[in-house]
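Encoded as structure tokens, the structure appears first; notes follow it.
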There are 2 protein chains.
Amino acid sequence: MSSKNKDTRTRILEVTWHLMEQQRGQGVRLADVAAAAGVSRQAVYLHFGSRTELMIATTAYVDEVKGLNDRLQQLQNITSAHELLEKSITIWGNYIPEIYGLAKAMLSTRETDEAIAAAWDKQMDCLRNACQDIIDAFIREEILTPEWTRSKAIEMLWTALSIQNWEQLTIECGWSTSQYIEWMKTFLKHAFTKLEN
Amino acid sequence: MSSKNKDTRTRILEVTWHLMEQQRGQGVRLADVAAAAGVSRQAVYLHFGSRTELMIATTAYVDEVKGLNDRLQQLQNITSAHELLEKSITIWGNYIPEIYGLAKAMLSTRETDEAIAAAWDKQMDCLRNACQDIIDAFIREEILTPEWTRSKAIEMLWTALSIQNWEQLTIECGWSTSQYIEWMKTFLKHAFTKLEN
DNA sequence: GTGTAAATTGACGCCATGTCAAGTAAAAAT
DNA sequence: ATTTTTACTTGACATGGCGTCAATTTACAC
């Protein structure tokens, strides 16, 4: 099996991620992680030092494996601002379900943990940049609704695309991934742009 | 002192609320609550039985004192749908800062606590109803953007007005209460209605 | 004064994180 | 071949909240 060949550190990271997704970021104890990885609880401490460090390392690992940044790079050569918005939402909407459990754990831990908060903010930067690119494209094409300020539009867009909103719409309201994507497109298109039709 | 005359139960509730606001819902221990109320830790258990029950009782107490429902009742005789949206956002935007700490504590606890989750959902009903009234008013006046379904519009509006979004915009992005209110009005008006100008 | 309700005091169990020290097993170095 | 190093195990223990229990004390009512 491939997972048995991997080194202990990677195995712990993978198992942590798996448990986070499985339990939606809740109630994942280090003892569970260790047991699932087939090592002692102390081995986790030897490799990561603390729960916080394990979570940060797992986030980095997932980022590496899933590569949101790479996916968003594909948007570089898009011409139309509306296409940019739509493709961004599609990428983001398909990405969230894959990292939701870990994201949720990070979000709840960050309140009391500076290091987690910093690591999370760093991850969020890439979404913020995407939002900035979108609003800048709207401005370039002169289709941003005139009331908006550049910075206010960016921040509102970023907020609308938050994981908490995805959670509320999909998990609480029961929307499917494609419903989330489609309605979010509708929502944001109307919120920020003058429509030409 | 008025607070000294109040019975122990009320004093505990008030102190809990105060500490929750002061510490933004984080790190409020029952020992702190007891000390601040001038009673023993056990007295808290005698009155409320558990942390969960204390939080639920505090939520009910705050609801009673702050009366969001009463404030929203003022909207009953509003004619224009846009006015309804704007006044609702104003009321909501001024309400959140007063209950934010407690709300945050409830939000983070609800993940692992069924009773808290149920109590919170009950509180949220009144916002949901307000959102429903707004969308229905848009439909009645035939100004809802045609793409929207009634239920999807209600759910999206409800999500946009979530406390997490308020938190992100005000605390993380640094918006003032009035900025939140004004930009949220702009945002939602464009997102859901055909504009007549 | 005796009874009762409200609260205090202090001890204890539980559980997760985190720490410590001693031991083991296999690969690497000499 | 033996030592050393590396990676990990084992088990015990400290800490800090929550929650529970039992034995008081305080205060007021009758």
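Just so it is clear, the model here is predicted, and its values are computed rather than measured. The basis for the numbers below is simple: all heavy atoms, side chains too, and nothing from hydrogens, waters or symmetry mates.
Put simply, the side chain of B:Q42 and the base of D:dT20 share a donor and an acceptor less than 3.5 Å apart. A donor-acceptor contact under 3.5 Å links the side chain of B:R41 to the base of D:dG19.
Using a 4.0 Å heavy-atom criterion, one finds that B:R9 contacts no nucleic acid atom at all. Heavy atoms of B:L30 sit under 4.0 angstrom from primed sugar atoms or phosphate atoms, though from no base atom.
Listed for the A:E141 side chain is a donor-acceptor partner under 3.5 Å among the backbone atoms of A:A81.
For A:R51 and C:dA16, the CZ to C1' distance is 9 Å, given to the nearest whole Å. In this structure, CD of B:Q23 is placed 12 Å from P of D:dG17, rounded to the nearest angstrom. The CE-P distance, from A:M55 to C:dT17, rounds to 11 Å in whole Å. Distance B:R29 CZ to D:dG17 P: 4 Å, rounded to the nearest Å. Between B:I12 atom CD1 and C:dA7 atom P there is a gap of 7 Å when expressed in whole angstrom units. Atom-to-atom, CG of A:L46 to P of D:dT10 comes out at 13 Å; the value is rounded to the nearest Å. Atom pair A:F48:CZ and D:dC8:C1' shows a separation of 14 Å (rounding to whole Å applied).
Taking the six-membered ring for Trp and thresholds of 30 and 60 degrees, A:Y100 and A:W166 have ring planes inclined between 30 and 60 degrees apart. Below 30°, between 30° and 60°, or above 60°: for A:W148 and A:F192 the angle between ring planes is between 30° and 60°, a tilted geometry.
Closest to the B:S40 side chain, of the nucleotides D:dC18, C:dT8, D:dT9, is C:dT8. Of the candidates D:dC18, D:dT9, C:dG18, the closest approach to any side-chain atom of A:Y45 belongs to C:dG18.
Considering only side-chain N and O atoms, B:H47 lies under 4.0 angstrom from the phosphate OP1 or OP2 of C:dA7. The phosphate of C:dT17 (OP1 or OP2) has no side-chain N or O of A:S50 nearer than 4.0 angstrom.
Of the charged side-chain nitrogens involved, none lies within less than 4.0 Å of a carboxylate oxygen, so that A:R24 and B:E111 do not count as a salt-bridged pair.
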List the steps and the verdict of side chain to side chain donor-acceptor pair (under 3.5 Å) for A:D113 and A:T52.
CA-CA 8 Å; A:D113 189 321; A:T52 293; 2.4 Å; yes

